[in-house]
2 protein chains.
Amino acid sequence: MNTDSKTEITDDNLARQRLRLWLQMLKATRHVEGVLRDELRSGYDTTLPRFDVLATLHATPEGMKMSELSTHLVVSNGNVTGVVDRLVSEGLAERTNMESDRRAFLVRITEKGRVLMDEMTANHLEWIDKLFADVTETDAARGISIMLDIRRKS
Amino acid sequence: MNTDSKTEITDDNLARQRLRLWLQMLKATRHVEGVLRDELRSGYDTTLPRFDVLATLHATPEGMKMSELSTHLVVSNGNVTGVVDRLVSEGLAERTNMESDRRAFLVRITEKGRVLMDEMTANHLEWIDKLFADVTETDAARGISIMLDIRRKS
DNA sequence: TATGAAAAATTGATATATAAAGTAAATTTT
DNA sequence: AAAATTTACTTTATATATCAATTTTTCATA
């Protein structure tokens with residue numbers, strides 16, 4: 001038995017284990033998104049994408065550029081355009097022209113949006129806490145580290 | 001300092017840590033999906049949802065019911081209907097009537113689909129292996145366990 | 001064995017998403 | 001500084017997704 005073939009077998013097992021992790025990540029993520037979606041719809045008549053954008057704006061009251069939003073949320077530019085459009089039409093967010101760069105907009109949460117999010121974020125934290133009830137602090141830390149490792153690649 | 005308030009503080013920190021994990025899971029998942037989407041589009045002119053469904057059918061050659069597909073992929077029923085429609089029109093999958101239950105369909109991968117997936121799954125494994133290169137076997141196992149814990153809840 | 005409840009899919013309406021193309025403004029190059 | 005490139009964002013086309021309603025069957029049970 002040579003070293004090369006042994007290495008290949010080992011690496012293949014590792015690759016399969018990584019694939020299993022990826023598939024479970026997908027399932028877990030979709031599961032949590034489904035629960036959050038239900039809560040947001042039944043409790044606040046809103047959607048997950050709108051919540052995600054508004055939560056980001058809530059955490060950064062000074063505002064963000066469209067491109068910063070799409071980078072932060074890991075979604076496309078055109079996507080953010082549409083979701084922000086709806087938030088603006090609902091009076092929850094506002095677009096301001098930037099003097100420094102006339103191509104860009106500064107998107108900010110409105111007072112109405114802030115009041116709404118003050119309440120929603122508290123509930124959101126509880127929903128997640130319940131869904132992740134079996135995840136210990138140690139596991140959470142390990143999980144975060146793994147997620148960061150994945151995103152660091154290419 | 002009473003025990004109750006100490007417990008509250010501790011629990012709150014744990015809740016915040018769990019929220020951090022969730023946000024990082026979302027980012028990592030979207031990142032990986034983005035890379036896979038690019039590879040599938042440029043290399044095979046197909047989409048991630050189609051790949052996901054076809055990969056599931058590839059792993060279960062005897063076929064699956066529509067509802068089994070949607071449960072397995074953690075997506076809605078109507079969603080699977082649309083994606084399978086397109087796979088069928090592309091000749092990659094087929095719907096068969098079930099004698100045992102005339103409400104249901106048995107969806108199966110076709111020979112054309114199998115040949116295509118034989119090649120795609122090998123590449124898919126490599127893409128994931130590269131993206132997860134920093135994840136050790138131990139971390140992968142721990143990650144899988146965490147993901148299963150999350151999905152077990154409600 | 002009627003018959004109301006439950007299950008399996010589809011359909012239609014609406015909201016996301018992405019990719020590619022297009023517009024306008026800022027930057028870099030020559 | 002004029003031209004070429006890049007950047008920031010929008011728009012259009014297409015493909016997902018979900019939800020709610022509907023259709024067709026099957027199941028439960030009275």
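Chain identifiers are assigned alphabetically (A, B, ...) following the order of the sequence lines, protein sequences preceding nucleic acid strands; residue numbering begins at 1 within each chain.
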Asks: Rounded to whole angstroms, how far apart are CE on B:Met98 and P on C:dA8?
Replies: 11 Å

Asks: Are B:Arg102 and D:dT26 close enough that a side-chain N or O sits under 4.0 Å from OP1 or OP2?
Replies: yes

Asks: Atom CD of A:Glu33 to atom P of D:dT18: distance rounded to whole Å?
Replies: 9 Å

Asks: Report yes if at least one side-chain N or O of B:Arg86 is closer than 4.0 Å to OP1 or OP2 of D:dT16; otherwise report no.
Replies: yes

Asks: D:dT6 C1' sits how many Å from A:Asn77 CG, rounded?
Replies: 14 Å

Asks: Between A:Ser67 and D:dT7, does any side-chain N or O lie under 4.0 Å from OP1 or OP2?
Replies: no

Asks: Side-chain N or O of A:Ser76 less than 4.0 angstrom from OP1 or OP2 on C:dA19?
Replies: no

Asks: Establish, with yes or no, whether the OP1 or OP2 oxygen of D:dA8 is under 4.0 angstrom from a side-chain nitrogen or oxygen of A:Lys65.
Replies: yes

Asks: Has A:Ser145 got a side-chain atom pairing as donor or acceptor with A:Ala141's backbone, closer than 3.5 angstrom?
Replies: no

Asks: Could you tell me whether A:Arg95 contacts a base, only the sugar-phosphate backbone, or nothing, with contacts defined as non-hydrogen atoms closer than 4.0 Å?
Replies: sugar-phosphate

Asks: Let me know, please, whether B:Val75 or A:Glu68 comes out on the 5' side of the other along DNA chain D by nearest nucleotide.
Replies: A:Glu68

Asks: State which of C:dA8, D:dA8, C:dA19 makes the closest approach to the side chain of B:Asp38.
Replies: C:dA19

Asks: Should the pair B:Asp149-B:Arg152 be classified as a salt bridge under the 4.0 Å nitrogen-to-oxygen rule?
Replies: yes

Asks: Hey, does A:Arg50 reach any base, or is it just sugar-phosphate, or nothing, if we go heavy atoms under 4.0 Å?
Replies: sugar-phosphate

Asks: Does a salt bridge link A:Arg95 with A:Asp85, judged by any charged N lying under 4.0 Å from a carboxylate O?
Replies: yes

Asks: Does the B:Arg30 side chain pair with the main chain of A:Leu73, one donor and one acceptor, at a distance under 3.5 Å?
Replies: yes

Asks: Have a look at B:Gly82 and say if it touches a base, only the backbone sugar-phosphate, or nothing, with a 4.0 Å heavy-atom cut-off.
Replies: nothing

Asks: Atom CZ of B:Arg37 to atom C1' of C:dT16: distance rounded to whole Å?
Replies: 12 Å

Asks: Which residue, A:Pro49 or A:Asp101, contacts DNA chain C at a nucleotide closer to its 5' end, judged by nearest heavy atom?
Replies: A:Pro49

Asks: Please give, in whole Å, the distance from D:dC19 P to A:Leu40 CG?
Replies: 11 Å

Asks: Decide yes or no, distance alone: a donor-acceptor N/O pair under 3.5 angstrom between the base of C:dA7 and the side-chain of B:Arg103.
Replies: yes

Asks: Give the ring-plane orientation class for B:His124 versus B:Phe51, where under 30° counts as parallel, over 60° as perpendicular and anything between as tilted.
Replies: tilted

Asks: Looking at every strand, decide which applies to A:Arg41 at a 4.0 Å heavy-atom threshold: base, sugar-phosphate, or nothing.
Replies: sugar-phosphate

Asks: D:dT18 P sits how many Å from B:Met66 CE, rounded?
Replies: 13 Å

Asks: Taking B:Lys112 for the side chain and B:Glu90 for the main chain, is one N or O donor matched with an acceptor at less than 3.5 Å?
Replies: yes

Asks: Nearest to the A:Thr47 side chain among C:dA9, C:dT16, D:dC9, which nucleotide is it?
Replies: C:dT16

Asks: Taking OP1 and OP2 of C:dT11, is either one under 4.0 Å from a side-chain nitrogen or oxygen of B:Thr81?
Replies: no

Asks: Provide, to the nearest angstrom, the distance between the CG atom belonging to B:Asp85 and the P atom belonging to C:dG12.
Replies: 12 Å

Asks: Any side-chain N or O of B:Asn79 under 4.0 Å from OP1/OP2 of D:dT16?
Replies: no

Asks: Separation of A:Arg30 atom CZ from C:dA17 atom C1', in whole Å?
Replies: 14 Å

